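Below is one structure, written out as structure tokens; the observations come after it.
What you are looking at is a predicted structure, and each value in this text was computed from that prediction instead of being measured. Note: hydrogens, waters and symmetry copies are ignored here, and every other heavy atom, side chains too, is used.
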4 protein chains.
Amino acid sequence: MLTQVYNLFIYFLLELSMDRKKAILDAAAALFAERGFAATPTAEIARRAGVAEGTIFHHFKNKDELLFNIVIDLFDAFIEGIKTAIATPRNGLDAVEKALWFHLLFIEKKSSLVLVLVRDFPFKLLNVESPFSRELKTRAQRIHELFVECLERGRQDGSICPVSIQATAIILRSLLTGYTRLKFLSPVPLPEMREELIRFCRRSLTTSTTNHEQP
Amino acid sequence: MLTQVYNLFIYFLLELSMDRKKAILDAAAALFAERGFAATPTAEIARRAGVAEGTIFHHFKNKDELLFNIVIDLFDAFIEGIKTAIATPRNGLDAVEKALWFHLLFIEKKSSLVLVLVRDFPFKLLNVESPFSRELKTRAQRIHELFVECLERGRQDGSICPVSIQATAIILRSLLTGYTRLKFLSPVPLPEMREELIRFCRRSLTTSTTNHEQP
Amino acid sequence: MLTQVYNLFIYFLLELSMDRKKAILDAAAALFAERGFAATPTAEIARRAGVAEGTIFHHFKNKDELLFNIVIDLFDAFIEGIKTAIATPRNGLDAVEKALWFHLLFIEKKSSLVLVLVRDFPFKLLNVESPFSRELKTRAQRIHELFVECLERGRQDGSICPVSIQATAIILRSLLTGYTRLKFLSPVPLPEMREELIRFCRRSLTTSTTNHEQP
Amino acid sequence: MLTQVYNLFIYFLLELSMDRKKAILDAAAALFAERGFAATPTAEIARRAGVAEGTIFHHFKNKDELLFNIVIDLFDAFIEGIKTAIATPRNGLDAVEKALWFHLLFIEKKSSLVLVLVRDFPFKLLNVESPFSRELKTRAQRIHELFVECLERGRQDGSICPVSIQATAIILRSLLTGYTRLKFLSPVPLPEMREELIRFCRRSLTTSTTNHEQP
DNA sequence: AATGAATGAGTATTCATTCAT
DNA sequence: AATGAATGAATACTCATTCAT
């Protein structure tokens, strides 16, 4: 009986704690998107999350770790989404296109979190040997592998013409990365061009012979 | 005679002044590349430039304006380079490819300045109505127009297949932007893939409608 | 029982906190009197108060707010004193004289704080719509009202001759304000003249129409 | 002939120089009145005066000396005015009243310069043994003497009742000083009360017996 | 006399992080 | 777990003044 009450109590504390941790992350994400990482004081995060400033440092080692968590969560959600998107298509080319589509939809659905990434990609943490660096590399590598998978599948089923798999995966990611930045940085809204972007890739992936020396 | 002496005098003053201003910009660019904008104290810039700290603020309104000047200069050099690169080619497709090549070479030649741009793109200065914002938009627009020029030329001389000019210009810039970031951010060096990247674009630009949905 | 311990605990925290805040204000007031507001670095205030420099800004938004608090506290003490001084006198004239006396004693008792006021009256904070401005206006208005009260009472009990109440209140305050400044600014000590000053006012307040223009 | 041309030339330079010195003082006075002494950079004064910053320091030893000149000029103008005002009146009382009137008109006519004085009375320069201190003391003393003169004259011609001349002179100056401050500092305009103020003084100066103990 | 580039000392303020309670 | 007072290092920027030309 007492044990049950105790458990309930612990559970309650845990719940509260989880709530607070979540509240802090949400507040941080919103503020980072609004003002940028550097321009957001931890005091402000605490205020918006409705907790004391010290509480932030109970749940996170430091301010960087807040950004870390937000970014990693975003990457994980992205990876899960891509995996789902490429699971069902009937061939490799189709899978690539589904992956592209997913990216284009994802950056709109999660626009405020993506803005955090576009604004404040935690560059400095990449070069040092940190847990953060390792975790992030894993994710980046995973995304690369997923594109490689699609491309290999496309090569095997013949839906994609002979290309360098590694280079093409990088090219596709580059295109998406760059498009995302241009979309968020552009002072004027970009035209609707998602279909065009995918057609651009499809043409490239399906055209074997390049004959650019026609006179 | 007197006028000549006077001119020499003025020139001398100007030269001296320019020297210091240039020294400050060079020191700032080098330090921003080494440590990042935020992590570079103005005192350090002054020390490396061999001037007093106050001199920086005699020539530049604030630290931001240093970054502003570095970034704008880089954009101007880039625009000049592109203009030269696309002036001579025999057709539109060739011009596009020359532009792509120029970009790929430029980011290697100016790698440290590009690193400053990739890492510390002054996001905050974009949103407000600042001279910086206006100047930068002009440059971005100019680059877009140069790509549009090439593409239109290619459409007219038949070297490029029917595509949306506007969307395609954005796609090409996205690809280059994204590739630049990946190159500078990637913890592992990217493979040599410049030829592949250009082939990717060429295939897309030269292949008319591909209808892959019908088996 | 637990509540009591808790209260004691809270009280203790509050006390500590109040102690520091008080220490900062005291140190600031002393230094402002010694050297003037502008010539007092916050680092010096912190040193004298025995706290870290940051602690000042934990308790006060900025340096101005230190001056604000000192000045407001001085005004409040003055108002309380005047209220007490004018509470008991048997008639209005007497009340006015007690108010004058109180002022003359007050500026000697609180001479160092009054010096801060005379020297560093925060003019700039008056013109903008600031909390400081509002608070200070309230106090000035309150002092004016207290003089008006005395004068009205004097008119009613006949101890003061027919005069414009509003104008006379301003005149009395002017006289005190000006005397205070002269006293603190004068390079040579003013002669003892408090009795004379009060007699000067008394004569004016008790003499009905003097028509000096007709010989 | 040559001498004449030379003289003209020197005269021209001198004129120019005088013009510049005047322009600097005017610009400084205007800016000090608008923003206060401390908040006015010398660069701003130079800009408004249409001269180079260095030129200020050719004509004035330092920034303080600008304020010094403005203040001294104002005092001199005031003293001249008072002297004229008290020269003609038919008796001492009348002279005092003319002096008071002159002050009241003066602070309205020269309101922006008086504002400089009210705002930024150069307190710090008073305590040290400086030429400024000496000059200013001379002026203050002179004003005091002028009031003393009037009062003595009034005592002799019987227009003023028996009072302490020294104390009364201080009281009158206090009243004017204080009124000036209240007028400039008051957030709401003071009522028209110049006549009342003079009547207040006149009553006091003409009433010999004070009988304030009437039951 | 006039210039204005250069100076560099001087200082308020910010803010992540700690830690006693 | 939660608090929030206290910390103090870190830094951009101001500005009167100098001086070579």
ask   = So which one's nearest nucleotide on DNA chain F is more toward 5', B:Gly54 or C:His58?
value =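 Here C:His58 is the residue nearer the 5' end.
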key: 5' priority, DNA chain F, between D:Ala38 and B:Pro41 [closest heavy atom]   = B:Pro41
[X] [atom1] - [N] [atom2] separation (whole Å):
X	N	atom1	atom2	result
A:Asn62	E:dC15	CG	P	17 Å
B:Arg47	E:dT7	CZ	P	14 Å
D:Phe60	E:dA2	CZ	P	11 Å
C:Glu65	E:dA12	CD	C1'	14 Å
B:Asp64	F:dA12	CG	C1'	10 Å
B:Ile24	E:dG8	CD1	P	13 Å
C:Phe57	F:dA9	CZ	P	16 Å
B:Leu31	F:dT11	CG	C1'	15 Å

query = Looking only at side-chain N and O atoms, does A:Thr42 come under 4.0 Å of OP1 or OP2 in E:dA16?
reply =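 Result: yes.
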request  = May I ask you to evaluate whether B:Arg20 reaches the phosphate of E:dG4, defined as a side-chain N or O under 4.0 Å from OP1 or OP2?
outcome  = no
message = If we check side-chain contact (heavy atoms from CB on, under 4.5 Å) with D:Leu31, which of these qualifies: D:Thr40, D:Thr42, D:Asp26, D:Val116?
response = D:Thr40
message = Of the listed nucleotides (F:dT17, F:dC13, E:dT13), which one gets closest to any side-chain atom of C:Glu53?
response =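 Nearest listed nucleotide: E:dT13.
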request  = Identify which nucleotide among F:dA12, F:dT17, F:dT3 has an atom closest to any side-chain atom of B:Lys63, counting heavy atoms from C-beta outward.
outcome  = F:dA12
Any strand: nucleotide that pairs with F:dT21 via Watson-Crick or wobble, under 3.5 Å = E:dA2
query = So what's E:dG10 paired with, Watson-Crick or G-U wobble, going by both distances under 3.5 Å?
reply =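 Partner of E:dG10: F:dC13.
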inquiry  = So does A:Phe37 get a backbone contact from the side chain of A:Lys63, meaning a donor-acceptor N/O pair under 3.5 Å?
reply    = yes
task = Could you say whether B:Ile56 or C:Phe37 is positioned toward the 5' end of DNA chain E, judged by the nucleotide with the nearest heavy atom to each?
result =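 Between the two, 5'-proximity favours B:Ile56.
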remark   = Ranking C:Ala43 and B:Thr55 by the position along DNA chain E of their nearest nucleotide, the one closer to 5' is B:Thr55
task = Using the ring of C:Phe68 (Phe, Tyr or Trp, six-membered ring only), decide whether C:Lys61 places NZ or CZ under 6.0 Å from its centre and within 45 degrees of its axis.
result = no
inquiry  = Here's one to test your reading of the geometry: is the NZ or CZ of B:Lys21 within 45 degrees of the ring axis of B:Phe60 and under 6.0 Å from its centre?
reply    = yes
request  = Might you point out which heavy atoms bring B:Leu126 and B:Ser133 nearest each other, and give the distance in Å?
outcome  =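 Taking every non-hydrogen atom into account, O-OG, 3.2 Å.
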